[in-house]
Amino acid sequence: MRSLLLVAVSAFASIAAGAAPYVQVHNNCGYSLEVGQSKNGDEYGTSVHVPAGGDHTFTFAEHWAGRVWGRKKCTGKDCTFAGMWNPATLAEIKFQDNQGKDYYDISLVDGYNEPMSLAPINGNAKEENGNKHCGTVVCPKGPACPPELQLKDNTGAVIGCESACSKFREPKYCCTGAFNQQTCKPTNYSKLFKAACPTSYSYAYDDATSTYMCVAPGYRVVFCPK
């Protein structure tokens, strides 16, 4: 236990020493992606073109918290926004909370579009939190998207699967109004997402099976993981 604590202390010291938190992206798909990032609280972020087999590294300010995603097809602001009404598989990361810990997950709460994995780089694990501590989150294949949730481009090709919240805008799907943390439950739609990706967020209060914790200088997002 003492050695584990020393490892954790060393990790805190090295991160505090000034290394900027970062997210390394690898596009393992057989097609190019426009990869975006945005900070929590910002409606729009930035995006970069990452060719098939290519890599890109985002560097962030200390304590950055936000999301990273990819799109096969997008133009203009659609490339720099991910959320309701513009579904995307999200890698969500919060670097160094007030206890020095990182929290991360893959979220399908606002929909799904690309297969993804998310893992810490040089993470320092402790015995707590079981396999959710410094583990790898993988969403290798999306849900069988019902026709009513399918998002299509102007050629009719399916480019994403909306969430029931963004599609129907009803409190029972969005966990709003009378449907708070105590009363909001999985729906038939969110269960489809959970069945496809059991360790990813499928609705707003899916914390118990979907939140991971670590101490790491950076994280690696892989699109179309093997």
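Sequential numbering from 1 along the given sequence is applied to the chain's residues.
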Does the pair Val221 and Val23 meet the rule for a side-chain contact (heavy atoms from CB on, under 4.5 Å), with working shown? CA-CA 7 Å; Val221 173; Val23 173; 3.8 Å; yes

Any idea which heavy atoms bring Glu162 and Phe193 closest together, and the distance? O-CZ, 3.7 Å

Co-members of the apolar cluster containing Val222 [side chain, <4.5 Å]: none

side-chain hydrogen bond (donor to acceptor under 3.5 Å, both in side chains) filter on Lys73, not counting sequence neighbours, yields Asp153

Examine distances only and state if a side-chain atom of Asp105 and a backbone atom of Ser210 form a donor-acceptor pair shorter than 3.5 Å. no

Ring pair (Phe, Tyr, Trp, His ring centres under 6.0 Å) pairs, two or more places apart, involving residues 134-158: none

Cluster companions of Val138 among Ile, Leu, Val, Met, Phe, Trp, Tyr (side-chain spacing under 4.5 Å): none

Nearest 0.5 Å please: distance from the OH atom of Tyr203 over to the SG atom of Cys175. 6.5 Å

Can a donor-acceptor pair be found, under 3.5 Å and without considering hydrogens, that links the side chain of Trp69 to the backbone of Val35? no

Looking only at non-hydrogen atoms, find the nearest pair between Ser163 and Leu149 and report the distance. O-CD2, 4.0 Å

Within the 4.5 Å heavy-atom criterion, are Asn27 and Pro51 side-chain neighbours or not? no

Please report the shortest heavy-atom distance between Ala52 and Gly30, naming the atom on each side. CB-C, 3.9 Å

Heavy-atom closest contact (Ala216 atom, Pro120 atom, distance): CB-CB, 3.8 Å

Using the side-chain hydrogen bond (donor to acceptor under 3.5 Å, both in side chains) criterion, which residues pair with Ser200? Sequence neighbours excluded. none

Taking C-beta and beyond as the side chain, do Leu192 and Pro146 meet within less than 4.5 Å on heavy atoms? yes

With sequence neighbours left out, which residue pairs that include part of residues 178-187 fulfil the side-chain hydrogen bond (donor to acceptor under 3.5 Å, both in side chains) condition? Asn180-Thr183

Taking atom CE of Met116 and atom OG of Ser107, what is their separation to the nearest 0.5 Å? 10.0 Å

side-chain contact (heavy atoms from CB on, under 4.5 Å) for Cys214 and Tyr104? Distances and angles first, verdict last. CA-CA 8 Å; Cys214 197; Tyr104 61 103; 3.8 Å; yes

Closest approach of Gly111 to Pro87 (non-hydrogen atoms, all atoms of both residues): CA-CB, 3.8 Å

All ring pair (Phe, Tyr, Trp, His ring centres under 6.0 Å) counterparts of His26, not counting sequence neighbours: none

Using a 3.5 Å distance criterion without hydrogens, assess whether the side chain of Tyr112 forms a donor-acceptor pair with backbone atoms of Gly142. yes

Pairs touching residues 215-225 that satisfy side-chain hydrogen bond (donor to acceptor under 3.5 Å, both in side chains), sequence neighbours left out: Gln24-Arg220, Asp102-Tyr219

Would a distance-only check, ignoring hydrogens and angles, find a side-chain to backbone donor-acceptor pair under 3.5 Å from Asn28 to Cys224? yes

Any side-chain heavy atom of Cys184 sitting closer than 4.5 Å to one from Lys172? no

Hydrophobic cluster membership, Leu118 vs Val25, 4.5 Å side-chain cutoff: yes

Listing, residues 37-50 side-chain donor-acceptor contacts under 3.5 Å, not counting sequence neighbours, or none:
unit_1, atom_1, unit_2, atom_2, d
Gln37, NE2, Thr46, OG1, 2.9
Ser47, OG, Glu34, OE2, 3.1

Excluding sequence neighbours, so at least two apart, what forms ring pair (Phe, Tyr, Trp, His ring centres under 6.0 Å) with Phe58? His56

What distance separates Thr59 OG1 from Tyr22 OH, expressed to the nearest 0.5 Å? 11.0 Å

Disulfide (SG to SG under 2.5 Å) pairs, two or more places apart, involving residues 60-97: Cys74-Cys79

Any side-chain heavy atom of Met213 sitting closer than 4.5 Å to one from Tyr103? yes

With side chains defined as the heavy atoms from C-beta onward, is the minimum distance between Arg71 and Asn113 less than 4.5 Å? yes

Can you sort out the partners of Tyr189 under ring pair (Phe, Tyr, Trp, His ring centres under 6.0 Å), two or more places apart, ordered by chain and number? Phe168, Tyr173

Yes or no on side-chain contact (heavy atoms from CB on, under 4.5 Å) for Asp78 and Asn86, after CA distance, side-chain angles and deciding distance? CA-CA 7 Å; Asp78 282 346; Asn86 200 16; 4.0 Å; yes

Which pair of heavy atoms, one from Gly70 and one from Glu114, lies closest together, and at what distance? O-CG, 3.7 Å

Does Tyr212 belong to the same Ile/Leu/Val/Met/Phe/Trp/Tyr cluster as Leu90, with side-chain heavy atoms less than 4.5 Å apart forming each link? no

Report yes if the side chains of Ile106 and Thr89 come closer than 4.5 Å at any heavy-atom pair, otherwise no. yes

In this structure, which one of Thr209, Asp207, Asp110, Asp206 forms a side chain to side chain donor-acceptor pair (under 3.5 Å) with Tyr201? Asp207

What's the verdict on side-chain contact (heavy atoms from CB on, under 4.5 Å) for Lys191 and Ser202, showing C-alpha distance, side-chain angles and the deciding distance? CA-CA 7 Å; Lys191 288 176 181 177; Ser202 61; over 6 Å; no

Please work out whether the ring planes of Phe60 and Trp64 are parallel, tilted or perpendicular, with thresholds of 30° and 60°. parallel

Would Lys72 count as a cation-pi partner of Tyr31, with NZ or CZ less than 6.0 Å from the six-membered ring centre and within 45° of the ring normal? yes

